[in-house]
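Only a predicted model underlies this, so the values are computations on that prediction, with no experimental measurement involved.
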Amino acid sequence: MLNGYEEFKKDVLKLTGIDLSAYREEQMKRRIDTLIARNGINSYTAYVALLKRDKEKFEQFVNFLTINVSEFYRNPAQWDVLEKEVFPALIHRFGRSLRIWSAACSTGDEPYSLVMALSKYLPLVNIRVIATDIDHQVLNKARMGLYSEKSIVSVPQEFKNRYFRKAGNGFQISEEIKRQVEFREHNLLRDMYPTGCHLIVCRNVMIYFTEETRDAINQKFSASLVRGGILFIGSAEQIINYKQLGFQRKKSFFFQRE
């Protein structure tokens with residue numbers, strides 16, 4: 001067990017803009033200590049010095065912190081609800097120009113899935129998704145749009161045939177889909193949130209944060225949504241105090257701004 005974690009958190013905030021105080025400490029500290037040991041270092045001070053002088057190690061650390069696990073159509077039953085119930089309701093209420101934000105989008109699997117799912121109702125040229133993440137490395141991967149076979153296993157066959165082509169050991173997503181997503185770097189704990197959103201998708205991210213941080217983020221999501229807009233969360237997450245945060249529960253994992 002390494003000592004000096006409080007000082008280390010301050011150093012990380014200065015170096016990366018990531019506030020480790022917002023994360024569940026026991027879980028995050030254990031992950032960081034494992035990474036430090038893997039680099040053959042025995043103190044936080046020495047590790048901070050390494051991060052300052054070694055760009056590759058710095059990027060490894062940021063990538064490790066942001067916990068990038070993603071796949072297309074993750075939890076397909078929930079995407080079925082989104083496609084068959086949520087999208088038609090949003091289009092009926094707000095029309096064909098929906099403002100959609102994929103927050104903490106990781107390697108792009110989620111926003112590209114949103115474009116494909118919505119294409120059942122709207123022409124691609126009418127679809128625009130803002131996709132944000134704190135980690136510029138994963139955003140670069142997302143813009144590249146190259147995925148493993150495992151990542152696309154849940155993509156409906158019609159979309160696999162239409163929008164993916166074999167490329168080396170992976171699959172390249174088509175420019176038709178890529179053009180409809182705008183990737184931006186964004187820190188959920190620090191930066192201004194997009195406004196006027198009809199749908200916000202932020203899944204399997206909140207589980208790493210403290211309860212206070214989750215509430216603060218969900219309040220900001222509520223403010224970012226138009227009245228009647230929808231927040232779509234992950235299968236490992238719940239919002240117990242959703243009424244206090246300005247939501248009503250529509251379905252499991254779907255919350256509507258009142």
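Distance alone, capped at 3.5 Å, is enough to place a donor-acceptor pair between the D133 side chain and the S106 backbone. With hydrogens and angles ignored, the 3.5 Å screen pairs no side-chain donor or acceptor of Q256 with any backbone N or O of L231. Counting only distance, with no hydrogens or angles, the side chain of W79 and the backbone of R74 share a donor-acceptor pair below 3.5 Å. A donor-acceptor pair is defined here as one N or O able to donate and one able to accept, closer than 3.5 Å; no such pair exists between the side chain of Q248 and the backbone of E258. T213 places a side-chain N or O within 3.5 Å of a backbone atom of A22 that can act as its donor or acceptor partner. Side chain of S148 to backbone of S151: a donor-acceptor contact under 3.5 angstrom is found.
Between M28 and L20 there is a side-chain heavy-atom pair separated by less than 4.5 Å. In this structure, F164 and V155 have side chains that are in contact, with non-hydrogen atoms separated by less than 4.5 Å. Residues L35 and F61 have side chains in contact (heavy-atom distance under 4.5 Å, counting atoms from C-beta outward). Between H198 and L225, the closest side-chain pair of non-hydrogen atoms is not below 4.5 Å.
Each of F232, F255, Y193, F247 was scored for a ring-ring contact (aromatic ring centres under 6.0 Å, His included) with F221, with one residue passing: Y193.
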Side-chain donor-acceptor pairs of residues 84-99 under 3.5 Å, sequence neighbours excluded:
from, atom 1, to, atom 2, distance (Å)
K84, NZ, D80, OD1, 3.3
K84, NZ, D80, OD2, 3.4
E85, OE1, K251, NZ, 3.3
R99, NE, T195, O, 2.6

Open item on the list: What verdict does the ring pair (Phe, Tyr, Trp, His ring centres under 6.0 Å) test give for F72 and Y147, after you've listed the backbone C-alpha separation in whole Å, the side-chain angles of each residue and the deciding distance to 0.1 Å?
Closed with: CA-CA 10 Å; F72 284 79; Y147 297 96; 4.8 Å; yes
Open item on the list: Let's go through W101 and H186 carefully: what are the C-alpha distance in whole Å and the side-chain angles of both, what is the deciding distance for ring pair (Phe, Tyr, Trp, His ring centres under 6.0 Å) to 0.1 Å, and is it a yes or a no?
Closed with: CA-CA 12 Å; W101 176 21; H186 181 271; 5.6 Å; yes
Open item on the list: One pair to check against side-chain hydrogen bond (donor to acceptor under 3.5 Å, both in side chains): Q78 and R203. What are the steps and the verdict?
Closed with: CA-CA 11 Å; Q78 293 164 30; R203 308 181 70 226; 2.5 Å; yes
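Rounded to the nearest 0.5 Å, atoms CD1 (I18) and CG (N187) are 7.0 Å apart. Expressed to the nearest 0.5 Å, how far CG of L188 lies from OG1 of T132 amounts to 6.0 Å. Put simply, OG on S119 and CG on L124 are 5.5 Å apart, with the number rounded to the nearest 0.5 Å. Between E110 atom CD and N204 atom CG the span is 8.5 Å, to the nearest 0.5 Å. One finds the CZ atom of F8 at 8.5 Å from the CG atom of D33 (value rounded to the nearest 0.5 Å). Considering CG of D109 and CD1 of I152, their distance stands at 10.0 Å, rounded to 0.5 Å.
Counting only residues at least two apart or on different chains, the side chain to side chain donor-acceptor pair (under 3.5 Å) pairs with a member in residues 236-245 are D215-N241. Within the structure, side chain to side chain donor-acceptor pair (under 3.5 Å) contacts touching residues 164-177 (residues at least two apart or in different chains) are E175-K178.
Below 30°, between 30° and 60°, or above 60°: for Y5 and Y44 the angle between ring planes is between 30° and 60°, a tilted geometry. The aromatic rings of Y23 and F209 sit tilted relative to each other, their planes meeting at an angle between 30° and 60°.
For the salt bridge (charged side-chain N to carboxylate O under 4.0 Å, His left out) test, residues two or more places apart in sequence or in another chain that qualify with K9 are E6, E25. Applying the salt bridge (charged side-chain N to carboxylate O under 4.0 Å, His left out) rule to E182 yields the partners R184; only residues at least two apart in sequence or on another chain are considered. Residues satisfying the side chain to side chain donor-acceptor pair (under 3.5 Å) test with T16, not counting sequence neighbours, are none.
A salt bridge links K120 to E158: one of the charged nitrogens lies within less than 4.0 Å of a carboxylate oxygen.
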